[in-house]
Peer 1: 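Here it is, the structure in full.
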Amino acid sequence: MKTLILGGTREARELAAIASGEQGFDIVSSLAGRVRDPLLPVGAVRVGGFGGVEGLRKWLADNGIESVVDATHPFAGSISANAAAAAADLRLPLVHLRRPGWSARPGDRWIRVPDLGAAAKAVGELGDRVFLTIGRQGVGAFAGSTRQWFLIRAIDPPAGELPPRHELLLARGPFRIEDEVRLLADRRIDVVVTKDSGGDQTEAKLTAARRAGLPVVMIDRPPLPAGAVIMENVAQVWDWLRSAAE
Ligand code: NAP
């Protein structure tokens with residue numbers, strides 16, 4: 001069973017580690033190539049865009065791919081849609097591996113918003129010092145916010161226009177609760193902005209915000225294509241792959 005794993009997440013690396021080298025499986029992981037020093041999955045890896053749906057369809061056909069796992073980040077909406085279209089055209093089995101989103105707990109002050117633009121609008125009313133922890137993509141949506149000061153945390157520097165008053169903090173998770181509590185206090189943060197990425201690697205900021213009584217602007221995930229088969233964890237996808245291979 002020759003399988004393409006669309007990656008860029010911890011779950012994608014975990015699946016590649018389990019399936020690579022297993023008898024009867026030939027696994028290729030794909031990364032977009034956004035991060036300068038990516039964490040590489042075990043086994044075969046290709047890097048870079050495919051060239052839209054058409055490019056992906058051609059790549060799948062040329063490489064004899066028999067099944068596809070979309071294990072990209074929940075906010076990587078374009079590649080998930082492209083995967084769904086290309087797999088449907090070629091009648092290939094496709095599953096989307098999506099870790100569950102976060103759920104508010106007692107004491108949380110979350111404001112859910114549908115997208116980055118709504119998040120930029122919401123922070124205007126919530127405070128002057130903003131912790132922007134949405135990764136390097138999407139920071140441009142806040143470039144017009146001239147009044148607030150932003151602490152922008154990302155693995156690599158964001159490209160494009162940034163809000164004029166900011167500090168850039170380059171760091172890769174996982175982060176510890178004590179460190180997040182200290183960061184919020186040191187930078188005198190009023191409001192936290194995050195994508196609803198889910199998972200435990202970056203959840204500490206939510207605990208820290210709860211302890212500090214700070215509001216969190218939580219950006220909802222983009223929807224997956226209609227009819228998508230969604231699985232929440234690596235074990236489920238591995239079971240699915242093994243039965244598809246039988
Ligand atoms: P996106 O908006 O859905 O994709 C934009 C384009 O990047 C796609 O059309 C595709 O180019 C290429 N691409 C994306 N993922 C790819 C992959 N795994 N392999 C090959 N090409 C890929 O995605 P994104 O939000 O830019 O995310 C890019 C990568 O970063 C993904 O692998 C994702 O898992 C990871 N990531 C994203 C976030 C986030 O917040 N968005 C956070 C952590 C990690 P072509 O059309 O040319 O094929």
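Ligands are counted one by one from 1 in listed order, and the atoms in each one are counted from 1 as well.
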Peer 1: At what distance is the nearest protein heavy atom to atom 7 (O) of ligand 1, and which residue and atom is it?
Peer 2: R34 NH2, 2.8 Å

Peer 1: Examine ligand 1 and decide if any of its atoms is less than 4.0 Å from a heavy atom belonging to S197.
Peer 2: no

Peer 1: I'd like to check whether Q137 has a polar contact with ligand 1, where a contact means an N/O of the residue lying under 3.5 Å from an N/O of the ligand.
Peer 2: yes

Peer 1: Going by distance only, is there an N or O of F50 that falls short of 3.5 Å from an N or O of ligand 1?
Peer 2: yes

Peer 1: Any non-hydrogen atom of G7 lying under 4.0 Å from ligand 1?
Peer 2: yes

Peer 1: Of all the non-hydrogen atoms in the protein, which one sits nearest to atom 22 (C) of ligand 1, and at what distance?
Peer 2: A32 CB, 3.5 Å

Peer 1: Which heavy atom of the protein is the closest neighbour of atom 40 (O) of ligand 1, given with residue, atom name and distance?
Peer 2: K195 NZ, 2.7 Å

Peer 1: Start with the C-alpha distance between W149 and D128, add both sets of side-chain angles, then the distance that settles side chain to side chain contact (heavy atoms under 4.5 Å, CB included), and finish with yes or no.
Peer 2: CA-CA 6 Å; W149 176 89; D128 291 333; over 6 Å; no

Peer 1: For L56, is the nearest heavy atom under 4.0 Å from an atom of ligand 1?
Peer 2: no

Peer 1: Going by distance only, is there an N or O of S30 that falls short of 3.5 Å from an N or O of ligand 1?
Peer 2: yes

Peer 1: May I ask you to decide whether R99 forms a salt bridge with E203, counting only side-chain N to carboxylate O separations under 4.0 Å?
Peer 2: no

Peer 1: Is there side-chain contact between V69 and W240, with at least one heavy-atom pair below 4.5 Å?
Peer 2: yes

Peer 1: Quick check: do L4 and L56 have side-chain heavy atoms less than 4.5 Å from each other?
Peer 2: yes

Peer 1: In plain terms, say whether D156 and R34 are close enough for a salt bridge, that is, a side-chain N and a carboxylate O under 4.0 Å apart.
Peer 2: no

Peer 1: Taking all non-hydrogen atoms of both residues, which atom of F131 and which atom of L183 are closest, and how far apart?
Peer 2: CZ-CD2, 3.7 Å

Peer 1: Tell me the protein heavy atom at minimum distance from atom 23 (O) of ligand 1, and give that distance in Å.
Peer 2: A76 CB, 3.4 Å

Peer 1: Between D108 and R105, is the closest basic N to carboxylate O distance under 4.0 Å?
Peer 2: no

Peer 1: Identify, for atom 35 (C) of ligand 1, the protein heavy atom at the shortest distance, and state residue, atom and that distance.
Peer 2: G8 O, 3.9 Å

Peer 1: Are more than 12 heavy atoms, taken from residues, nucleotides or ligands other than K2, located less than 6.0 Å from that residue's NZ atom?
Peer 2: yes

Peer 1: Starting from atom 47 (O) of ligand 1, what is the nearest protein heavy atom, named by residue and atom, and what distance separates them?
Peer 2: G51 N, 2.8 Å

Peer 1: Going by an N to O cut-off under 4.0 Å, is there a salt bridge joining D186 and R182?
Peer 2: no

Peer 1: What's the shortest distance from atom 9 (O) of ligand 1 to any protein heavy atom, and which residue and atom give it?
Peer 2: N82 ND2, 3.6 Å

Peer 1: Is R98 close to T72 at the side-chain level, that is, under 4.5 Å between some pair of heavy atoms?
Peer 2: yes

Peer 1: Under a 4.5 Å cut-off applied to non-hydrogen side-chain atoms, are Q137 and F75 in contact?
Peer 2: no

Peer 1: For S80 and ligand 1, does the shortest N/O to N/O distance drop below 3.5 Å?
Peer 2: no

Peer 1: Verify the contact flag for atom 19 (N) of ligand 1, where contact means a protein heavy atom under 4.0 Å away.
Peer 2: yes

Peer 1: Check this for me, if you would: do D190 and R129 make a salt bridge, where the nitrogen-to-carboxylate-oxygen distance has to be below 4.0 angstrom?
Peer 2: no

Peer 1: Taking the minimum heavy-atom distance to atom 15 (N) of ligand 1, which of I5, I219, V53, I79 ranks first?
Peer 2: I79

Peer 1: Could you find the nearest protein heavy atom to atom 37 (C) of ligand 1 and give me its residue, atom name and distance?
Peer 2: H73 CB, 3.4 Å

Peer 1: Side chains of P93 and V229: does their closest heavy-atom pair fall under 4.5 Å?
Peer 2: no

Peer 1: Within a distance under 4.0 Å of any heavy atom of G77, pick out the atoms of ligand 1 and give their elements.
Peer 2: 3 (O)

Peer 1: I'd like to check whether T9 has a polar contact with ligand 1, where a contact means an N/O of the residue lying under 3.5 Å from an N/O of the ligand.
Peer 2: no

Peer 1: Looking only at heavy atoms, is any part of R46 under 4.0 Å from ligand 1, and if so is it the side chain, the backbone, or both, or is it neither?
Peer 2: side chain

Peer 1: Mark the output for G52 as yes if a heavy-atom distance to ligand 1 is under 4.0 Å, and as no if none is.
Peer 2: yes

